[in-house]
Amino acid sequence: MSEISKAYEPQSVESKWYQFWEDQGCFTADPARVSATRPAYSIVIPPPNVTGVLTMGHVLNNTIQDILARKARMDGKEVLWLPGTDHAGIATQNVVEKTLKKAGQIKHRDDLGREALVAKIWEWKETYGGIILKQLRALGASCDWTRTRFTMDPEYSRCVQKVFVDLYKKGLIYRGKRMVNWCPASLTALSDEEVVMKEQKGFMYHFRVEVVELPGTFLTIATTRPETIPADTAVAVNPNDPRYTHLVGKYVYRALPLDVPKEQRIIPIIADDHVTFDFGTGVLKVTPAHDKADFEIGLRHNLPVIDVLTPDGKLTAEAGADLAGLDRFVGRKRSAELLEAAGALDKAEPYTNNVGFSERADVPIEPRLSEQWFLKYPSVEASKACVAQPGSDAPAPMRFFPDRWAKVYDHWMGGIQDWCISRQLWWGHRIPVWYRDSEVYCGLETPAGDGWTQDPDVLDTWFSSWLWPFATMGWVDDQDADAKNATLKAFYPTTDLVTGPDIIFFWVARMIMAGYEYMGDLPFRNVYFTGIIRDKQGRKMSKSLGNSPDPLDLIAKYGADALRFGVMRAAPLGQDVLFDEQTVELGRNFCNKLWNACRFRQMITGEGTQSEAEINPALLTSDDRWVLLRLDQAIREVTQALAEYKFSDATTTLYRFFWNEYCDWYVEASKAVIYGSDEALKVNKVAVIDFVLGQLLRLFHPFLPFITEELWHGMGFAQDMPDNQGGKTLMFALWPKPLSDDEKEYFGLDDTADAVAQAKYDLVSLGRGLRRDCKIDPAKKIRFTVRPAGTLSPSDVEVLKMLLNAEALEVVDAAWTSERGTPVAVNALGELFLPLAGLIDLEAERARLTKELERVKIEVTKVQEKLANPAFAAKVPVKVLEEHQARLQEWQVKEAQIAASLANLAA
RNA sequence: GCGUGCUUAGCUCAGCGGUAGAGCACUUCCUUCACACGGAAGGGGUCGCAGGUUCGAACCCUGCAGCGCGCACCA
């Protein structure tokens with residue numbers, strides 16, 4: 001801290017210390033150090049997309065993980081925070097393909113072919129893949145970078161294949177032709193979780209079809225998708241619908257395509273319970289190829305399947321000459337026009353319905369019949385039972401924070417559906433299955449012999465992510481080897497997982513099942529779900545909206561500590577975060593205040609020196625005792641808040657203690673001693689300040705790692721510490737403990753030890769109020785008179801004088817009487833007079849006192865009424881009763897004193 | 001439809017059974033030697049609405065309304 005600048009300048013400080021920590025191996029976890037006295041703490045990072053860049057969501061998520069990790073280190077634990085990235089199949093392949101297309105290098109991925117494209121993606125990954133990990137360093141994340149993993153590392157890929165083969169052999173993975181969610185943009189199947197429902201404005205088309213056996217009789221059908229009419233293979237009615245029962249078993253002429261003779265467009269009228277009476281016209285067109293429910297109906301009634309859509313969502317020749325080749329949405333409009341032209345369209349009314357969208361590509365998915373690989377989830381029962389349910393006392397090994405997410409989890413686990421794990425992509429883990437004629441081989445290596453071809457599909461990205469907690473720790477699915485794996489032994493199961501509730505199903509639930517299946521144990525003990533970062537208007541932050549600030553810009557502008565503090569302050573447990581740059585500004589201001597508070601301390605005795613003296617209890621002033629008790633309280637609150645993952649509570653406490661209590665009152669009061677002439681008191685004051693600041697820096701460190709480290713060293717705190725307890729870095733200093741009973745006794749801190757100072761500060765505020773009410777320039781030194789209720793120590797008098805900015809403070813006894821109309825403020829400490837010697841505006845003073853009296857009377861009445869209620873005294877706990885009685889007395893004393901002043905004024 | 005969360009000062013949110021709080025914004029004043037990224041003093045709320053439980057409700061219960069999220073969905 002040489003050359004102490006007036007304002008904190010984070011940039012150089014941050015890079016310096018990060019480099020130091022990393023060079024010194026401070027983040028590196030060593031399983032060999034784990035012991036009974038040094039327990040393990042571990043956390044695996046939710047791996048960001050390898051091509052991603054840091055977002056505000058990452059900032060929130062990783063700051064929390066860093067706080068937990070740093071706190072655990074200060075608790076003396078051996079900490080592993082394991083970082084890495086995810087290959088993110090669709091997202092990454094899309095990014096690279098798009099870039100290549102933009103650069104004009106390809107028009108379609110087939111131009112390159114599988115191997116060349118995958119090579120390009122690897123190239124891309126090597127170039128840009130590390131960006132987000134570098135950005136995490138700028139945030140201060142204390143990850144063990146020596147263990148950085150990627151879901152397509154060779155060892156990791158091996159794990160994925162082994163798991164596939166194992167589950168295949170267990171009969172849990174199977175291949176089948178099913179209706180799946182097809183993404184016409186990415187040209188791949190998706191899992192149900194990758195489909196999001198969105199409201200879509202469109203039209204409900206009502207069109208007529210003629211009954212073959214009853215010419216001139218028509219059925220009206222309502223549909224939102226007329227382009228699929230050529231794929232209809234039946235129309236269905238409810239078997240109990242009296243309007244239509246007589247028609248069941250007859251036939252209709254399908255409305256499209258028109259270029260096919262109507263004799264070739266005859267489809268049956270069938271009865272099926274799926275059809276509801278009161279929706280639309282009660283007649284359903286059945287399109288087995290393009291609707292999940294219709295497909296089921298088709299199975300029940302043995303209907304043929306006509307597919308009129310290509311994989312990329314265009315209409316085929318089977319849709320008729322008028323529609324062939326058209327995009328599905330163009331085809332929709334066109335087919336409506338065709339119906340209208342044929343006189344078959346009754347009406348088209350505006351209609352809003354929910355449509356499934358591909359989460360990634362943001363286009364409507366198509367239900368599509370195709371051959372895919374599916375997984376029947378393993379270890380479902382154990383996984384379902386392991387999470388503590390809210391309100392239940394049943395012991396459970398895993399807890400969710402907030403616990404309401406456990407219900408969501410439970411619900412999903414209860415209705416769990418097989419997982420479509422194959423993707424028609426090139427970037428990812430290739431399915432380890434080979435075919436030769438009708439032979440199928442599943443194994444880790446290409447089977448011997450000629451003529452085998454490997455399945456072209458890759459696995460869903462989450463099929464690798466779900467192994468993350470143990471695959472990253474070197475698990476190889478070999479009993480002997482895994483038993484000898486020191487990392488797994490020490491750090492699995494992990495302690496905490498920090499992630500967003502939006503991936504409970506995608507990731508959290510699947511990790512739990514994989515953990516039980518392959519490690520025989522849960523993957524983590526606590527799951528903390530963050531909120532979602534939104535902008536001031538409550539909109540989710542997204543690239544497309546452009547409402548997401550670049551965290552790196554914020555770090556450059558305000559510092560990483562400021563960003564961390566601001567975000568933590570704004571992020572209460574389980575609530576979404578409405579982000580506003582102002583909160584980062586507040587963090588910046590806070591760091592600056594901390595910097596200057598330390599600068600003030602340094603100015604007393606010079607830089608980098610700690611006071612030699614121990615705190616001498618005999619020389620403690622009421623202010624010292626007050627601040628020690630407030631510190632004690634802050635330590636309790638912050639420790640408790642962190643244990644409950646209440647990060648915004650912790651920052652609130654830190655803010656209050658440091659700014660409102662330490663700076664605003666204690667430091668200001670201490671100036672009476674520091675600028676005074678009593679050397680012994682001064683030495684003791686510095687000792688107290690150093691003690692408080694030393695504890696404070698520790699409390700702040702998990703939140704503000706950079707500035708606290710800088711100050712820790714700059715102020716010389718590191719000098720006297722053993723290397724492993726803060727001598728080298730604040731990272732390993734011990735987390736502050738609340739004062740023990742012995743310490744409290746030693747310092748003379750009983751529960752009321754802070755009362756004098758508290759009353760003193762209250763009286764100062766009242767005195768300042770008097771000044772203002774009397775319109776006296778705050779800068780003007782004036783005289784005050786105090787008549788203490790009890791006794792006041794000389795130091796208390798000095799502090800009062802200092803804080804009131806008084807020229808002099810005269811202490812008088814009960815015999816003293818003030819001049820008529822002298823403004824006075826009263827509290828438990830005594831009466832504070834502002835003698836104005838003839839300058840008093842009697843009218844104004846009367847008005848002031850009258851107003852004050854009214855206010856006090858209201859309070860008196862309020863308490864009196866409560867106490868007057870006979871039921872109150874009878875039922876209320878003694879403590880509350882006493883509290884009310886004491887409060888009444890306080891207000892009444894005040895009332896009497898104000899009344900006396902008013903009387904004095906009138907006399 | 002089922003589930004879940006929110007509704008407290010102009011804004012963003014704490015508080016979750018015993019005197020309504022913070023930060024920002026606002027008003028007035030202050031560049032006094034830690035900090036104007038600062039200091040002092042203020043103004044501002046019948047805690048969404050209606051019932052109920054209780055000596056006492058922002059807090060617990062019931063209902064209603066508005067907003068959000070998740071799941072399931074009828075063409």
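Just so we're on the same page: letters track the sequence lines, and every chain starts at 1.
Asp291(A) comes within contact range of no nucleotide atom at all, as no heavy-atom separation falls under 4.0 Å. Using a 4.0 Å heavy-atom cutoff across all strands shown, Glu585(A) reaches no nucleic acid atom at all. Residue Tyr205(A) is classed as having no contact, given no heavy-atom separation below 4.0 Å to the nucleic acid. Among the protein residues, Thr287(A) comes within range of no part of the nucleic acid, since none of its heavy atoms lies under 4.0 Å from any strand. Heavy atoms of Tyr409(A) sit nowhere under 4.0 angstrom from any nucleic acid atom. In this structure, Arg768(A) reaches the sugar-phosphate backbone alone: every heavy-atom distance under 4.0 Å involves primed, P, OP1 or OP2 atoms, never a base. Here Lys879(A) lies out of heavy-atom contact (under 4.0 Å) with every strand. Among the heavy atoms of the strands, none lies under 4.0 Å from Met204(A). Residue Val286(A) is classed as having no contact, given no heavy-atom separation below 4.0 Å to the nucleic acid. Within 4.0 Å of Asn869(A), counting heavy atoms only, lie sugar-phosphate atoms of the nucleic acid but no base atom.
In the set G39(B), G18(B), C71(B), G18(B) carries the atom at the smallest distance from any side-chain atom of Val876(A). The side chain of Arg588(A) sits closest to C37(B) out of C37(B), A34(B), A75(B). Among the nucleotides U19(B), G70(B), A34(B), the one closest to the side chain of Met603(A) is A34(B). Residue Arg599(A) has its side chain nearest to A34(B) when only A34(B), A75(B), G3(B) are considered. When distances run from any side-chain atom of His884(A) to the nucleotides C74(B), C71(B), G18(B), the shortest one goes to G18(B). Nearest to the side chain of Lys593(A), among U19(B), A34(B), C74(B), sits A34(B).
Taking the six-membered ring wherever Trp is involved, the centroid distance between the rings of Phe400(A) and Trp405(A) does not fall below 6.0 Å. When ring centroids are compared, Phe700(A) and Phe590(A) come within the 6.0 Å threshold.
Contact check of residues 220-230 of chain A against RNA chain B (heavy atom, cut-off under 4.0 Å) returns Ala222(A), Thr223(A), Thr224(A).
Side chains of Ser191(A) and Glu194(A): a donor-acceptor N/O pair is present below 3.5 angstrom, by distance only.
With sequence neighbours excluded, no residue forms a side chain to side chain donor-acceptor pair (under 3.5 Å) with Glu859(A).
With rounding to the nearest 0.5 Å, the separation of OG1 in Thr651(A) from OH in Tyr655(A) is 10.5 Å.
Remark: C59(B) base-pairs with no nucleotide in the shown strands. Criterion, Watson-Crick or G-U wobble with two distances under 3.5 Å.
Judged by distance alone, with hydrogens and angles left aside, Glu668(A) brings a side-chain donor or acceptor within reach of the base of A34(B), the pair sitting under 3.5 Å. Contact of Asn592(A) with C35(B) (side chain to base): no donor-acceptor pair of N or O atoms is detected under 3.5 Å.
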Each nucleotide N or O in nucleotides 21-25 of chain B that has a protein N or O under 3.5 Å away: list the pair and distance.
{"unit_1": "G23(B)", "atom_1": "O4'", "unit_2": "Arg569(A)", "atom_2": "NH2", "d": "3.0"}
{"unit_1": "G23(B)", "atom_1": "O2'", "unit_2": "Arg569(A)", "atom_2": "NH2", "d": "3.4"}
{"unit_1": "C24(B)", "atom_1": "O2'", "unit_2": "Gln582(A)", "atom_2": "OE1", "d": "2.7"}
{"unit_1": "C24(B)", "atom_1": "O2'", "unit_2": "Gln582(A)", "atom_2": "NE2", "d": "3.2"}

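What separates CH2 of Trp659(A) from C1' of C35(B) is a distance of 8 Å, to the nearest Å.
Close to C33(B), at under 4.0 Å from its OP1 or OP2, lies no side-chain N or O of Tyr675(A).
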